Amino acid sequence: MAAIDVVIMAAGKGTRMKSSMPKVLHRLGGRALVQHVIDSARQLSARHIIAITGHGADQVEAALAGQAGLRFARQMPQLGTGHAVQQAMPVLGDDGVTLVLSGDVPLTQVPTLQALLQASQGTQLALLTLQTPHPTGYGRIVRSAEGQVQAIVEEKDATPEQRAITEIYSGIMAVPTHLLRTWLARLDNRNAQQEYYLTDVVKFARADGQPVAAHLITEAAEVAGVNNPVQLAELERAYQARQARELMLQGVRLADPARFDVRGVLSCGQDVEIDVNCVFEGAVSLGDGVRVGANCVLANAQIQAGAVIHPFTHIDGEGAGVSIGRDARVGPFARLRPGAVLGDEVHIGNFVEVKNSTLAKAAKANHLAYLGDATVGERVNYGAGSITANYDGVNKHRTVIEADVHVGSNSVLVAPVTIGEGGTIGGGSTITKDTPKGALTVARGKQTSIANWQRPQKK
Ligand code: UD1
Ligand code: MG
């Protein structure tokens with residue numbers, strides 16, 4: 001098989017998105033549209049991947065910078081799809097086969113592209129086509145009486161008879177590069193849109209007596225393009241439905257696949273249950289038997305077997321990650337931020353925020369608390385309303401709470417400070433100095449009572 005070079009057309013304006021952001025950078029499943037296309041190309045082990053940029057080229061190239069094997073060719077001005085592909089020709093080797101993809105068609109399956117390449121055999125032009133009851137707007141596939149593909153006719157150039165054709169061109173083709181080179185050199189723009197149409201290569205192939213293969217599919221989502229926010233939302237649901245189905249077939253129990261969003265990569269063990277309206281971002285892994293309640297947002301987190309995430313919990317491990325040990329309980333209404341590392345059987349309850357802190361096995365913070373830049377020992381009980389004052393206005397400092405400490409409610413632990421092992425902090429204390437092991441430490445105004453106190457009277 002000939003080497004595969006992929007050309008991704010991404011220079012168009014995307015006027016109908018009505019957005020200041022170039023169309024191909026709009027996100028689907030948390031990834032830019034064009035990134036989906038690049039990722040598919042990678043799975044084909046492409047030799048070169050060349051993205052054609054034009055409108056918003058600086059933005060598009062910056063967003064995609066630093067990806068191995070990805071190159072850019074600029075198309076200025078944009079004179080049509082044929083003109084777009086012409087910009088890539090200097091980098092393409094004549095020994096290869098060129099696969100042309102569109103940056104705004106994100107859901108083409110890799111096996112479909114492989115089948116198209118198979119149809120081309122590296123020796124002939126092959127088109128990916130779709131049979132559809134809704135051909136409006138697309139290029140129509142004109143076949144001879146014998147069924148041989150003769151031409152692609154754009155909607156705007158089509159006769160009424162041609163418009164009635166229900167087989168359309170997807171915008172995706174595979175073509176031996178040496179043939180593509182000769183055909184692109186023959187393009188002109190004498191058509192309704194005064195553009196250099198890539199689709200005219202079909203005409204030239206036939207004129208040269210070359211066969212044209214078509215790989216016909218019927219799943220519209222595979223070749224659906226994004227032109228406006230309505231289509232973007234439709235494809236988002238199609239993409240999410242695909243992911244939900246794959247996970248369910250692996251055994252994951254989703255309360256409702258229609259209310260489930262993965263904007264990254266979610267990997268799950270056995271007997272995982274996910275309730276409605278959960279969003280997963282970045283890389284999230286859920287161990288065996290993990291349960292996630294309704295309305296949780298989980299990003300960049302590793303959750304070990306048996307842990308339960310109660311409803312309305314927000315976990316965001318962007319950067320440093322979040323990890324949660326076996327059989328831990330988190331939420332409802334908990335917030336775990338980057339660097340939260342919870343050991344086995346840790347309990348984090350409602351309105352508790354944890355950032356850049358390690359909690360050892362079976363430590364608990366059950367209500368209304370803040371742990372930031374803290375190291376918390378085993379079995380610590382961290383009372384309601386307590387906080388680590390970790391920031392002095394300039395620098396962050398650490399709080400160490402050793403094993404078996406009880407921190408009473410409404411305490412302020414002013415870092416840097418260490419609470420000695422087994423100690424108790426009386427409720428309402430503001431702790432500014434290290435406390436001894438095993439001691440009760442109280443740091444607050446003493447309670448006094450004035451007998452028979454007369455409240456002031458109105459005159
Ligand atoms: C194209 C096909 C049409 C097909 C349809 C499938 C041609 C002439 N027509 O039409 O047969 O049914 O796709 O969706 O190819 N682009 C550039 N530079 C340009 C023009 C376009 O990079 O100068 C890019 C666009 O950003 C887009 C892709 O090429 O990613 C397709 O361009 P678009 O204008 O949407 O082509 P269609 O009119 O949809
Ligand atoms: Mg289009």
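Remember, it's a predicted structure, so these values are computed and weren't measured experimentally. Note that ligands are numbered from 1 as they come in the structure, with each ligand's atoms numbered from 1 the same way.
Of the possible donor and acceptor atoms, one in the side chain of Tyr382 sits under 3.5 Å from a partner among the backbone N and O of Tyr370. Looking only at distances, no side-chain donor or acceptor of Arg140 sits under 3.5 Å from a matching main-chain atom of Ile168.
Annotation for Arg242: atom CZ counts as buried by contact number, over 12 foreign heavy atoms lying within 6.0 Å.
Ligand 1 has a nitrogen or oxygen under 3.5 angstrom from a nitrogen or oxygen of Gly80. Polar contact with ligand 1: absent for Ile152 (N/O pair, distance under 3.5 Å). Considering backbone and side-chain atoms alike, Ala84 places every N or O at 3.5 Å or more from each N or O of ligand 1. Where the criterion is an N or O separation shorter than 3.5 Å, residue side chain and backbone included, Met9 meets it with respect to ligand 1.
Residue Ser170 has at least one heavy-atom neighbour below 4.0 Å for each of these atoms of ligand 1: 6 (C), 14 (O). Close contacts of ligand 1 with Asp104, meaning ligand atoms under 4.0 Å from a residue heavy atom, involve 30 (O). Close contacts of ligand 1 with Ala10, meaning ligand atoms under 4.0 Å from a residue heavy atom, involve 22 (O). Below 4.0 Å from some heavy atom of Tyr169 lie the following atoms of ligand 1, by number and element: 3 (C), 4 (C), 6 (C), 11 (O), 12 (O). Residue contact check: Gly139 has heavy atoms under 4.0 Å from atoms 3 (C), 4 (C), 11 (O), 12 (O) of ligand 1.
Salt bridge status for Arg337 with Asp316: absent, with no side-chain N to carboxylate O gap under 4.0 Å. Salt-bridge formation is not detected for the pair Asp275/Arg259: no Lys NZ or Arg NE/NH1/NH2 atom is positioned less than 4.0 Å from an Asp or Glu carboxylate oxygen. Salt-bridge annotation for Asp261 and Arg237: present, with a side-chain N of the basic residue lying under 4.0 Å from a carboxylate O of the acidic one. Salt-bridge annotation for Lys23 and Asp104: present, with a side-chain N of the basic residue lying under 4.0 Å from a carboxylate O of the acidic one.
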Gln35/Gln67 under side chain to side chain donor-acceptor pair (under 3.5 Å): CA gap, chis, key distance, verdict
CA-CA 10 Å; Gln35 189 67 55; Gln67 298 190 30; 2.7 Å; yes

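The side chain of Glu154, and not its backbone, has at least one atom closer than 4.0 Å to an atom of ligand 1 (non-hydrogen atoms only; side chain from C-beta on). With a 4.0 Å cut-off on non-hydrogen atoms, Ala11 touches ligand 1 through its backbone as well as its side chain. Counting heavy atoms closer than 4.0 Å to ligand 1, residue Gln75 contributes side-chain atoms (C-beta onward) but none from N, CA, C or O. Contacts of Val105 with ligand 1, taken as heavy-atom pairs under 4.0 Å, are absent altogether.
Evaluated by nearest non-hydrogen atom to atom 32 (O) of ligand 1, the leading choice among Thr199, Val85, Thr81, Leu130 is Thr81.
To the nearest 0.5 Å, atom NZ of residue Lys361 and atom CD of residue Glu378 are 7.0 Å apart.
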